[in-house]
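This one's a predicted model, so the numbers in the text were calculated from it and none came from an experiment. Below, chains carry the letters A, B, ... as their sequence lines are ordered, and counting in each starts from 1.
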Amino acid sequence: MKNIIQSVKGTREFYPHEMAVRRWLYALIEKTSESFGYQEYDGPFIEKIDLYAAKSGEELVKEQAFVFADRGGDLITLRPELTLSLARMIAQKQNELTYPVRWWSFGPFWRYEKPQKGRTREFFQWNIDMIGVDSPVADAELLAICATFFRNAGISPEQVSILVNHRQLMEKKLLELGIADDLKKKTFQLIDRKDKLDFSAWKAFATDIGLSNDQFTGVNEILNNRELWQQSPELIAVFNQLEIMGVREYVKYDPHIIRGLDYYSGIVFEAWDMGKDGRAVLGGGHYGNLVADVGGSPLPGVGFAMGDVMATILLEKYGCIPEIKPFHDTVLVTIFDENTLQQSLGFAAVLRKKGIKTILYPEAVKLQKQFKFADRLGVIAVAVIGPDEALAGNVTIKNLTDHTQITCSQELAAETVRQIVKINS
RNA sequence: GUGGCUGUAGCUCAAUGGCAGAGCAUCGCACUGUGGAUGCGAGGGUUGUGGGUUCAACCCCCAUCAGCCACCCCA
């Protein structure tokens with residue numbers, strides 16, 4: 001055991017059980033995305049570093065991307081995010097696409113981070129965007145998708161809230177305090193950190209970036225005003241529409257939500273686990289110029305991204321992940337001994353031909369062992385062809401759930417098996 | 001990148017610097033045509049790795065790797 005080469009730091013292995021959970025999550029994301037008419041797409045998993053150098057933020061590329069030189073000497077990165085690949089894909093066909101584009105994706109990403117809870121170096125991310133419009137209806141739709149995802153997963157509004165703010169509203173309020181440009185950026189940072197520092201440290205940070213006492217007081221008033229959204233026509237419209245769509249209960253106004261990325265220019269939002277030790281599980285917002293940075297004409301859009309690691313932790317925490325029963329629709333055909341082996345082989349083949357998932361035990365060992373194997377896999381139908389059955393062309397089918405068994409002709413047995421696995425699947 | 005905690009059997013964890021153990025799991029038998037139970041027995045270890053201190057190290061010291069947690073950052 002000790003000689004096994006370790007897996008790469010921050011990676012995960014998906015044993016069949018974890019793989020089943022991953023596929024379940026994928027299915028949930030697919031169902032939610034497509035119910036709003038979004039199409040699945042994907043970009044390359046590797047990209048030239050230049051793609052990200054253009055925008056993306058220095059830190060993401062320089063410190064968080066996996067970069068390597070290929071044999072031709074180009075610097076290649078394992079994609080740390082999808083946004084720029086998406087932007088290029090849009091730009092390349094900018095005049096052919098039918099707008100608004102509604103696209104979603106679920107795929108792997110890599111970031112060279114220090115692994116900890118909810119954070120790995122290799123992870124999956126759900127990205128979903130509507131591109132080419134700039135309207136409260138579009139903003140509301142993305143929020144509704146987010147809320148619908150949680151509802152589909154079985155998460156209640158008490159468990160997860162989508163916290164919403166608007167960049168323009170905040171900019172306007174800060175401008176009233178005489179905060180603009182560079183100071184505005186720093187003040188956004190300040191707001192972003194409020195929950196992470198105690199008040200005196202936070203105030204010190206405010207002084208540090210150059211806020212006056214009056215401005216600091218003003219910022220505090222903004223942050224304490226939960227009704228501030230009523231000064232934003234866009235947010236008023238969005239909340240009204242969410243009400244009509246029946247998902248208003250999942251969404252709350254919160255002036256603390258700012259988000260780190262510079263390119264957000266309108267609505268911004270994060271979904272938070274409201275329970276103990278809650279964290280953000282997804283984030284997104286409205287951007288004004290997605291495509292311009294990769295050489296297209298500016299196009300507005302709105303979208304969000306959700307990592308699978310935090311999402312899975314959240315769904316597990318609230319008991320939303322269904323019990324996975326991998327073999328409840330599968331029958332095990334035992335091998336009694338060498339003499340009946342051929343009949344077992346043949347019978348298994350017949351079952352498969354009739355569309356029944358069939359496992360054949362691969363050696364003639366004690367039936368006890370074969371039954372135990374079936375039990376541990378979760379198989380609930382077991383077929384036995386011993387000397388008696390073999391002579392008469394029969395097979396015995398045992399139902400492990402109710403412990404009953406029937407002996408019938410091999411011809412008719414498929415129907416018996418079908419009933420057992422169907423009733424229990 | 002910074003700081004803290006933790007690495008002992010497959011898993012969960014014990015073991016004053018003095019013989020490395022338990023429970024669960026696994027395998028075998030009781031039980032030669034039938035799974036979840038019970039009893040008995042067995043196997044399984046370079047104590048993460050590499051150095052150091054010591055007559056003697058799972059234990060103390062240094063380094064390193066990994067996991068967890070908090071920063072940083074971010075979806």
S.K.: Mind calculating the distance between CD (A:Glu13) and C1' (B:G67) to the nearest angstrom?
M.R.: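 Distance, rounded to whole Å: 14 Å.
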
S.K.: Taking atom P of B:G33 as reference, at what distance in whole Å does atom CD of A:Gln370 sit?
M.R.: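 Taking atom P of B:G33 as the reference, CD of A:Gln370 is at 12 Å.
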
S.K.: Using the C1' atom on both, measure B:G23 against B:C31 and round to a whole Å.
M.R.: 26 Å

S.K.: Students often get this wrong, so: under 4.0 angstrom with heavy atoms, is A:Glu389 touching a base, only sugar-phosphate, or nothing?
M.R.: base

S.K.: With sugar-phosphate meaning primed atoms plus P, OP1 and OP2, does A:Ala305 contact a base, only sugar-phosphate, or nothing at under 4.0 Å between heavy atoms?
M.R.: sugar-phosphate

S.K.: Can you check whether A:Gln64 has a side-chain N or O nearer than 4.0 Å to OP1 or OP2 of B:C74?
M.R.: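 For B:C74, OP1/OP2 do not have a side-chain N/O of A:Gln64 under 4.0 Å.
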
S.K.: Looking at B:G67, B:C27, B:A70, which one has an atom nearest to any side-chain atom of A:Lys9?
M.R.: B:G67

S.K.: What nucleotide, of B:G35, B:C72, B:G33, holds the atom closest to the side chain of A:Arg119?
M.R.: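 Between B:G35, B:C72, B:G33, the one nearest the side chain of A:Arg119 would be B:C72.
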
S.K.: Categorize A:Lys398 for me: base, sugar-phosphate, or nothing, with a 4.0 angstrom heavy-atom threshold over every strand shown.
M.R.: base

S.K.: Closest approach to the side chain of A:Lys366, judged atom by atom: which nucleotide of B:U32, B:U34, B:U26 is it?
M.R.: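 My answer, after comparing the listed nucleotides, is B:U32.
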
S.K.: Is any side-chain N or O of A:Lys114 under 3.5 Å from a base N or O of B:U2, one able to act as donor and the other as acceptor?
M.R.: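 Per atom types, the contact qualifies.
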
S.K.: Just call it for A:Asn127: base, sugar-phosphate, or nothing, with non-hydrogen atoms closer than 4.0 Å on any strand.
M.R.: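 Counting heavy atoms under 4.0 Å across all strands, no contact is made by A:Asn127.
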
S.K.: Any chance the side chains of A:Asp273 and A:Tyr318 put a donor and an acceptor closer than 3.5 Å?
M.R.: yes

S.K.: Hey, which of these two, A:Met310 or A:Thr11, hits RNA chain B nearer its 5' end, going by closest nucleotide?
M.R.: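 The answer here is A:Thr11.
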
S.K.: Could you tell me the separation between the CZ atom of A:Phe109 and the P atom of B:C73, rounded to a whole number of Å?
M.R.: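 Roughly 23 Å, once rounded to whole Å.
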
S.K.: Given B:G36, B:G67, B:C73, identify the nucleotide with an atom nearest to the side chain of A:Asp375.
M.R.: B:G36

S.K.: Examine A:Arg121 relative to A:Tyr112 and say whether NZ or CZ is less than 6.0 Å from the centre of the six-membered ring and inside a 45° cone about the ring axis.
M.R.: yes

S.K.: Picking from B:C72, B:G35, B:A25, which would you name as closest to the side chain of A:Gln116?
M.R.: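 For the A:Gln116 side chain, the nearest candidate turns out to be B:C72.
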
S.K.: Choosing from B:G28, B:G35, B:C68, which nucleotide comes nearest the side chain of A:Lys369?
M.R.: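 Taking heavy atoms from C-beta onward, the closest nucleotide is B:G28.
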
S.K.: With side chain to side chain donor-acceptor pair (under 3.5 Å) as the test, would you mind laying out the steps for A:Tyr38 and A:Glu30 before giving the verdict?
M.R.: CA-CA 9 Å; A:Tyr38 285 63; A:Glu30 177 178 27; over 6 Å; no

S.K.: Distance between the C1' atoms of B:G51 and B:C65, in whole angstroms?
M.R.: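 Between the two C1' atoms, the distance is 15 Å.
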
S.K.: Using the C1' atom as the point on both nucleotides, what is the distance between B:U47 and B:C13, in whole Å?
M.R.: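 B:C13 and B:U47 have their C1' atoms separated by 13 Å.
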
S.K.: Does B:G1 pair with anything, Watson-Crick or G-U wobble, both distances under 3.5 Å, and if so, with which nucleotide?
M.R.: B:C71

S.K.: According to the interplanar angle, ranging from 0 to 90°, do the rings of A:Trp229 and A:Phe239 count as parallel (below 30°), tilted (30 to 60°) or perpendicular (above 60°)?
M.R.: perpendicular

S.K.: Do the side chain of A:Gln405 and the base of B:G33 come within less than 3.5 angstrom through a donor-acceptor pair of N or O atoms?
M.R.: no

S.K.: May I ask you to say what A:Val384 touches in the nucleic acid, namely base, sugar-phosphate or nothing, with a heavy-atom cut-off under 4.0 Å?
M.R.: base

S.K.: Who is the Watson-Crick or G-U wobble partner of B:U64, with both distances under 3.5 Å?
M.R.: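 When the pairing criteria are applied, B:G48 turns out to be the nucleotide that pairs with B:U64.
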
S.K.: Judged by each residue's nearest nucleotide on RNA chain B, which is more toward the 5′ side, A:Val8 or A:Phe371?
M.R.: A:Phe371

S.K.: For A:Gly10, which contact category applies under a 4.0 Å heavy-atom criterion: base, sugar-phosphate, or nothing?
M.R.: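 Sugar-phosphate only.
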
S.K.: Would a line drawn from the ring center of A:Tyr26 to the ring center of A:Trp126 be shorter than 6.0 Å?
M.R.: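 Ring-ring flag for A:Tyr26/A:Trp126: false, centres at least 6.0 Å apart.
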
S.K.: Contact class for A:Leu400 vs. all strands (heavy atom < 4.0 Å): base, sugar-phosphate, or nothing?
M.R.: base

S.K.: Please state the C1' separation for the pair B:U49 and B:G7 - nearest whole angstrom.
M.R.: 11 Å

S.K.: Taking atom C1' in both B:G21 and B:A9, what distance in whole Å separates the two?
M.R.: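 Rounded to whole Å, the distance is 10 Å.
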
S.K.: Could you tell me how the ring of A:Phe45 sits relative to the ring of A:Trp110: parallel (under 30°), tilted (30 to 60°) or perpendicular (over 60°)?
M.R.: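 Plane angle between 30° and 60°, so tilted.
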
S.K.: Between B:U38 atom C1' and A:Gln368 atom CD, what is the distance in whole Å?
M.R.: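 Whole-Å distance recorded here is 13 Å.
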
S.K.: Nearest whole Å is fine: how far is B:C74 C1' from A:Leu82 CG?
M.R.: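 My rounded result for the distance is 16 Å.
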
S.K.: In whole angstroms, how far is the P atom of B:C73 from the CZ atom of A:Phe188?
M.R.: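 These atoms are roughly 16 Å apart.
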
S.K.: Taking atom P in both B:G17 and B:C61, what distance in whole Å separates the two?
M.R.: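 So the two P atoms sit 12 Å from each other.
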
S.K.: Say we look at B:G18 and B:A57: how far apart would their C1' atoms be, to the nearest angstrom?
M.R.: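 The same atom, C1', in both gives a distance of 10 Å.
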
S.K.: Is the distance between the ring centroids of A:Phe124 and A:Phe109 under 6.0 Å?
M.R.: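 Centroid separation for A:Phe124 and A:Phe109: 6.0 Å or greater.
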
S.K.: Within this structure, what is the CD1-to-P distance between A:Ile359 and B:G35, rounded to whole angstrom?
M.R.: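 That distance rounds to 18 Å.
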
S.K.: Using atom CZ of A:Phe269 as one end and atom P of B:C74 as the other, report the distance to the nearest whole Å.
M.R.: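 To the nearest whole Å, that distance equals 17 Å.
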
S.K.: Just call it for A:Phe336: base, sugar-phosphate, or nothing, with non-hydrogen atoms closer than 4.0 Å on any strand.
M.R.: base

S.K.: Pick the P atom in B:G50 and in B:C58, then give their distance to the nearest Å.
M.R.: 13 Å

S.K.: Partner of B:C24 by Watson-Crick or G-U wobble geometry, both contacts under 3.5 Å, or none?
M.R.: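 Pair assignment: B:C24 / B:G10.
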
S.K.: Partner of B:A57 by Watson-Crick or G-U wobble geometry, both contacts under 3.5 Å, or none?
M.R.: none

S.K.: Is NZ or CZ of A:Arg22 both nearer than 6.0 Å to the six-membered ring centre of A:Phe14 and within 45° of the ring axis?
M.R.: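 Checked: cation-pi criterion met.
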
S.K.: Name the pairing partner of B:G39, where a pair is Watson-Crick or G-U wobble with both distances under 3.5 Å, or state none.
M.R.: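 Checking every strand shown, B:G39 finds its partner in B:C29, with both distances under 3.5 Å.
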
